[in-house]
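Input: a single structure, listed below in structure tokens.
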Protein chains: 2
Amino acid sequence: MVSIKDVASQAGVSVATVSRVLNSKGYVSEDTRKKVEQAIAELNYKPNEVARSLFKKQSKTIGLIVPDITNPYFPELARAVEDTAAKLGYTVILCNSDGKTEKEQHYLDVLMQKYVDGIIVSSNTISERQIKSLQIPFVSIDREISKDIPTIVVENKKGAKLATQYLQNKGCMRIAHISGPLNVVNANERCEGYKEVVRNEQWFNESYIGNGHFEMDSAIEATLELLQLHPEIDGIFAANDTMAIGAIKAVHKIGKRTPDDIAIVGFDGISLSKATTPELTTIEQPIYEMGEKAASMLIEFIEEKPVEKTFYRLDVGLVERESS
Amino acid sequence: MVSIKDVASQAGVSVATVSRVLNSKGYVSEDTRKKVEQAIAELNYKPNEVARSLFKKQSKTIGLIVPDITNPYFPELARAVEDTAAKLGYTVILCNSDGKTEKEQHYLDVLMQKYVDGIIVSSNTISERQIKSLQIPFVSIDREISKDIPTIVVENKKGAKLATQYLQNKGCMRIAHISGPLNVVNANERCEGYKEVVRNEQWFNESYIGNGHFEMDSAIEATLELLQLHPEIDGIFAANDTMAIGAIKAVHKIGKRTPDDIAIVGFDGISLSKATTPELTTIEQPIYEMGEKAASMLIEFIEEKPVEKTFYRLDVGLVERESS
DNA sequence: TGTTAATAGGTAACCGGTTACACACATAGT
DNA sequence: ACTATGTGTGTAACCGGTTACCTATTAACA
């Protein structure tokens, strides 16, 4: 690989001068600048980012820790983060934590050792203290860790209420909920939103809430149980789209129809929701926008630019399709 | 951040000695080793990977260039690559090229500047010459570039034949194909496989092949056209699952049923194929295994370990579900 | 006892950039 | 004529590791 020294000798100047034209910093005469630029072009020189990182103590790289890129919510987020980072001259290291503390800790260590300039994380086990101790810019996405950590989340409760009320308006008399793992903030908020709407209904009690893990199989099981316990259920709000699809499958399995017998609404608005038959009515999150915002905010922190707002709770909206 | 010097002075030895215990290389007495290890533990010292990279000219990082992580085929691949890389002590930088030459070139430059140790790429525009000129380990995945570049692909033609013959065996008399972009090797091979099976049928001609771009919308359109032109079609083989889902939708749209009126088979075996109603019959690729193989092979090259085989054409299999 | 090899550990060069500092020269102001 | 200021460029220290090379000590063996 050609180094700055090669360029310097080719252009007949010192490495300092080459560095100056590279960074447009300090005084360089028009003449020498041209000579250096020509040498750079002739040798097809590309500065070594590693050497630069070592001195500058920053790497133009950010870390993105997600539970599992295979979960259809995250590719779109990752794409948005990567797009934005690339546009601003950064590169992104992808980490899958499976939501496990050890893995998260391990990746945090690795990322710090590689001098990443900042980290975007979607986690519910990382603590505020831990993040602060790292001393580098951080953005939490999809899950709220603390009011003190820059965060991008959505109106989970509002969305859940929207979904539940919508089912009511559609004429559903008994609306069940399939929740995510309730120790995860967003799952909890969605469950709360649901409860706020149905709490005062005569028929309501906790047994109308089935527990899922944000995955399809768990939702199929939960739906089956729910429908056995309460055959009169005519509406289901699932805490994410994957589970909503599971619910559709379960409903189908016992010979009922969606939406005629049971209307179903999901949450997330992943692209999957448009691929099913019937297409899924869902509470859509601005996933791409979230990733974009997270990346651009993180990079503003990194570059010490002024950041007006550090806590975003983005709006969600109902997208009406065929499952309701 | 605590550096090797801090550890050295804390332990009362030179930095060379610390480095020796860090790398278990060269002579170090049991006594000093313990002192150093204690100092490391006390200071919670983590060696700076950037400094290491600079000297060693390698970064324990690999690049993964895919067209679009949002395309449901790639998250599983990326997950496999990342899992395997992490297990072997490497980190992965994710790049989305959209299949565009400029973006690929740009990422290649960036990755080289960051001293990545190797690159895994899924591309049909990068040339063999280009790859060779980079002088670092390379693995091409999902798409064959040249017999001379380490590659992981699947039996596309065989899979396509399998799918088409299966539809024949199911009693389909007129089988259409929705192809991917034919300039992409794998799409082309799948189309060839289809043609090999139906070429000699009396009814067959090229107008039974509709052109898609591996995306749902293009497949819906293509299917609609196909069915208008040939209302007698009773089987469709789509070159990937996303398009198969599009086909299902199109069939549904004109009031026909899957599989009763028209049987549909896809290709890929993405997790999406299990989420639809009806669930998709498809030619399943060992996606995770491909990513795993690509990463472990790449790292074998990087670490200059012996590699027995550099060209893998993995087997595919028919997974029979409800759409056929 | 002298020679050789193995063990132990320090010094400093090196990786490829960036930048503080020094120095030279030109120009302007008094 | 003298000083201050601005411009242009080179030298070398520095970032935090790794390792070639050197020296010293001890053990082994003829």
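- The distance from the CD atom of A/E300 to the CG atom of A/L88 is 8.5 Å, given to the nearest 0.5 Å.
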For nucleotides 3-9 of chain C, give me one character per nucleotide, 5' to 3': B if any protein heavy atom sits under 4.0 Å from the base, S if the only such contacts are to the sugar-phosphate, - if neither.
---SBBB
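- Among the candidates B/K35, B/K34, B/R33, the single residue satisfying the side-chain hydrogen bond (donor to acceptor under 3.5 Å, both in side chains) test with B/E37 is B/R33.
- With sequence neighbours excluded, the residues that form a side chain to side chain contact (heavy atoms under 4.5 Å, CB included) with A/T91 are A/T61, B/I93, B/V110, B/K114.
- Of the residues in residues 35-63 of chain A, those with a non-hydrogen atom less than 4.0 angstrom from any atom of DNA chain D are A/L54, A/F55, A/K57.
- The side chain to side chain donor-acceptor pair (under 3.5 Å) check on A/E49 picks up A/R52, with sequence neighbours excluded.
- One axis for each end of the helix from C/dT1-D/dA30 to C/dT30-D/dA1, each built from five base pairs, and the angle between them comes to 50° at 10° resolution.
- Protein chain A contacts DNA chain D from D/dG6 to D/dG16, reading 5' to 3' and using non-hydrogen atoms of the protein with a distance under 4.0 Å.
- Counting heavy atoms from C-beta on, the side chains of A/V153 and A/N186 never come closer than 4.5 Å.
- Cation-pi geometry between B/K57 and B/F55 is not met at under 6.0 angstrom from the ring centre and within 45 degrees of the axis.
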Side-chain donor-acceptor contacts of residues 16-26 of chain A below 3.5 Å, not counting sequence neighbours, with atom names and distances?
{"residue": "A/T17", "atom": "OG1", "partner": "A/S14", "partner atom": "OG", "Å": "3.4"}
{"residue": "A/S19", "atom": "OG", "partner": "A/N23", "partner atom": "ND2", "Å": "3.4"}
{"residue": "A/N23", "atom": "ND2", "partner": "A/S19", "partner atom": "O", "Å": "2.8"}

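- Within 4.0 Å of A/S19, counting heavy atoms only, lies at least one base atom of the nucleic acid.
- Every residue two or more places apart in sequence or in another chain that forms a side chain to side chain donor-acceptor pair (under 3.5 Å) with B/E303 is listed here: B/Y90, B/K305.
- A donor atom on one side chain and an acceptor atom on the other are found under 3.5 Å apart for B/N48 and A/Y115.
- Residues A/V15 and A/K5 each lie close to DNA chain C; by heavy-atom proximity, the contact nearer the 5' end of the strand is made by A/K5.
- Listed by chain and number, the residues in a side chain to side chain donor-acceptor pair (under 3.5 Å) with A/S146 are A/E128 (sequence neighbours excluded).
- Evaluation of the salt bridge (charged side-chain N to carboxylate O under 4.0 Å, His left out) test over residues 66-78 of chain A, restricted to residues two or more places apart or in two chains, returns A/D68-B/R79.
- Partners of A/K100 by side chain to side chain contact (heavy atoms under 4.5 Å, CB included), not counting sequence neighbours, listed by chain and number: A/D98, A/E102, A/K103.
- Take A/E144 and apply the side chain to side chain donor-acceptor pair (under 3.5 Å) test, not counting sequence neighbours, and it matches A/K147, A/R313.
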